[in-house]
Number of protein chains: 2
Amino acid sequence: MVTLAEVAQHAGVSASTVSYVLSGKRSISGATRQRVEQSIRELGYHPNAGARALASSKSNIIALMIPLRTDMYVPVMMEIAIAVATTARTHGYDVLLLTGEEGPDAVRRVTGSGLADAMILMDVQLDDERLPLLRGTDQPSVLIGLPADTSGLTCVDLDFKATGALCVEHLAMLGHRDIAVIGEAPAVYERHTGFAERTLDGLRLRSQELGMRLLHRPCEGGYDAMAVTLARILDERPSTTGFVVQNESAVEPLLALLRQQGRAVPEDVSVVGICPDQVATQASVRLTSVSIPAQEMGRHAVEQLVAKLDGRGSNEVVLIAPELTQRASTGPAPANTN
Amino acid sequence: MVTLAEVAQHAGVSASTVSYVLSGKRSISGATRQRVEQSIRELGYHPNAGARALASSKSNIIALMIPLRTDMYVPVMMEIAIAVATTARTHGYDVLLLTGEEGPDAVRRVTGSGLADAMILMDVQLDDERLPLLRGTDQPSVLIGLPADTSGLTCVDLDFKATGALCVEHLAMLGHRDIAVIGEAPAVYERHTGFAERTLDGLRLRSQELGMRLLHRPCEGGYDAMAVTLARILDERPSTTGFVVQNESAVEPLLALLRQQGRAVPEDVSVVGICPDQVATQASVRLTSVSIPAQEMGRHAVEQLVAKLDGRGSNEVVLIAPELTQRASTGPAPANTN
DNA sequence: ACTCACAGTCGAAGCGCTTCGACAACCTAT
DNA sequence: ATAGGTTGTCGAAGCGCTTCGACTGTGAGT
């Protein structure tokens, strides 16, 4: 293993000079700089991460806490994680992957040990038990998702309330009056995950304002669960002509079931998805949808964090505006056939 | 920030004693140990990761390189990543998330800087450019996936060749003679990703041995691509009664299309999937499938790696035996209706 | 009573880096 | 020519931990 000292000797300068070449924190003459860089290349030198962390009390690592559950909104999580990792690299940071398993202890461990300089939390619950810890430390952090109380915190998320409203508006504009919401699995609501409830708020509020009737049903993904849920909805409110689906694994089952029952999409029934674009475009009917901007969220989160680490940036809530893309699954409500 | 020295002082012992309490590398009297542990708790001490890494030349971090592409077999990757992270924690390791983006440089950087003690590589190509680097370093590593030449490497993977064979055998047993394989996207084969080719080998070999006819068609996921592929297959070989699908995002489209064309599953046509159980059970027809044991792979990989780090363990290729679960999508071939 | 082994503890020497203050050499303004 | 500032470099002091060798006291063996 090559050390700073060896590079220094090879280049005929002192260790500190090499260090300054590397960090650029003091000016170095062109000649010296080149000699040092040459030596670094020749010797294949890589600074030792531990030593660096110890001396500078900066690890250049960002911790990312992802949820342990692998059953929900997985592609979104993955895309965020990858966006976080690649964006972090462009700022010179690496990413440490923590699973929710350890819970708040992970926060303590990482903060206390100086393993990471900052952290990003995903899958934030409205009343997340990790929040007090974050508020009580001076380690920068960013949440992806919105808790109930955002004071003293930096958050990045899609504006799910606006997303709900947007879906309703789109259906209203097309003349639909009775709409049903296929939600995430009941467990998601029970955990009080913010995004699900905020979407619902937006849906309810706007549909009230527009005088529409709204039915909300949580739904486990999959064909069987969807079949049961759909039957219940159509039983309770046969006049339903618009669906909003916020559950990736319910999209295709819903479309299949509607088809099977002879309800044509979009002629008889319109469907709006809240899901990644990939899901929307690969469905059997190209789905009108509000996309989950996973990459953008990951990127934003890192950039907020880096800003904080650089002493710039403050606590703020960044809500990304939803965008609805009309595809083939929504159309005018059918003429009233009471 | 609390340091070892402060804990030592608080407990009235020397720093080295505290260190030995922590590491257990020398015997410590019960009384002293308890006093130290008490102090640690009272002061909320966490050892500094950087200092530890520097002094011991061990970071207790495992690097995990995941593919950059977010478009393919995502849930599997995610599940593996999570299994790696949680298993690593049980052995006292944290996980650093690297994306394929940097390519071989990432290997150099991590190895050279001592950022991680070992690494796990996913999405290994048959002739992966990172392999020479791995062979040339003494840093332990494990591949998830199988390259062409495994000499000097430790690999963990599902036995995809046996998987292919198993699928064929199942269909053969049910009396099918003409089978079609819906493969991964063409890009996967072009990249020479091992698993896809090995599956194909297994499929071809066994179907030859059993005197069956086999058609293989790569397929981008999604409904439209699947429609085109299916049409071509049925056009070329109308007598096809068995399908093997190795592409998560083609499963549901295939089932929908078959249904739409009046081909009943499993009465007219049988379908076997190679996919995570979750996909198989959530499909519109509960899919007979060989599951991808993502968790098991991640766990195995970490355990191999930890064994190496402990000086136990050697280079070996661990192939996990495939298991086929019969569900509702396969049945006897229809009577010959030439 | 005397050695020997061993458990239990301590002090000190680093691990490889960053960073601060010092200093020499040079330039510019007086 | 001189004071004052700049620029480029160096030496040394840590950062918080691990680990080695050394030391002390105790109990067993003779």
Side-chain angles (χ1 to χ4, degrees), chain A residues 1-37 39-40 43-61 92 94 109-117 309, chain B residues 1-37 39-40 43-61 92 94 109-117 309:
Chain A
M1 159 160 258
V2 191
T3 69
L4 228 215
E6 290 170 333
V7 173
Q9 190 175 3
H10 185 271
V13 297
S14 77
S16 46
T17 300
V18 177
S19 179
Y20 286 124
V21 167
L22 252 29
S23 68
K25 292 192 178 171
R26 287 206 183 167
S27 54
I28 297 288
S29 70
T32 306
R33 155 168 292 115
Q34 289 192 356
R35 215 140 29 84
V36 170
E37 283 168 351
S39 298
I40 288 178
L43 301 178
Y45 168 72
H46 285 272
N48 182 88
R52 204 164 234 201
L54 178 56
S56 65
S57 0
K58 296 183 62 241
S59 63
N60 283 298
I61 289 181
D94 273 296
R109 193 167 60 85
V110 168
T111 306
S113 67
L115 231 187
D117 296 332
L309 286 166
Chain B
M1 160 163 258
V2 190
T3 70
L4 228 214
E6 291 171 332
V7 173
Q9 190 175 3
H10 186 270
V13 298
S14 77
S16 46
T17 300
V18 177
S19 179
Y20 287 123
V21 167
L22 251 30
S23 69
K25 292 192 179 171
R26 287 207 182 166
S27 52
I28 296 288
S29 69
T32 306
R33 155 168 294 114
Q34 289 191 357
R35 215 140 29 84
V36 170
E37 283 168 351
S39 298
I40 288 178
L43 301 179
Y45 168 71
H46 285 271
N48 181 87
R52 203 165 235 199
L54 178 56
S56 65
S57 359
K58 296 182 60 238
S59 63
N60 285 298
I61 289 183
D94 273 296
R109 192 167 62 84
V110 169
T111 307
S113 66
L115 230 187
D117 296 333
L309 287 165

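Computation of the quantities below employed the complete heavy-atom set of this structure, encompassing side-chain atoms and omitting hydrogens, waters and symmetry-equivalent molecules. Numbered from 1 within each chain, the chains take letters A, B, ... in sequence-line order. Predicted, not measured: the structure shown is a model, and the values here were computed from it.
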| said: Minimum heavy-atom separation for A:Val7 and A:Leu43, please, with both atom names. | reply: CA-CD1, 3.9 Å

| request: Could you tell me whether the phosphate oxygens of C:dC6, OP1 or OP2, come under 4.0 Å of any side-chain nitrogen or oxygen in B:Ser27? | output: no

| said: At under 4.0 Å between heavy atoms, how does the protein contact nucleotides 15-21 of chain C? Give one character per nucleotide, 5' to 3', with B, S or -. | reply: BBBBBBB

| Nearest heavy atoms of A:Leu22 and A:Tyr45, plus distance in Å | CD2-CE2, 3.8 Å

| note | Note: B:Asn60 and B:Asp117 closest approach over all heavy atoms is N-OD2, 2.7 Å

| query | Of the options B:Gln9, B:Gln34, B:His10, B:Glu6, which is the one that meets B:Ser39 in a side-chain hydrogen bond (donor to acceptor under 3.5 Å, both in side chains)? | reply | B:His10

| remark: For B:Leu115 and B:Arg109 the tightest heavy-atom approach is CD1-NH1, 4.1 Å

| Interatomic distance, B:Ile28 CD1 vs C:dC6 P [rounded to whole Å] | 18 Å

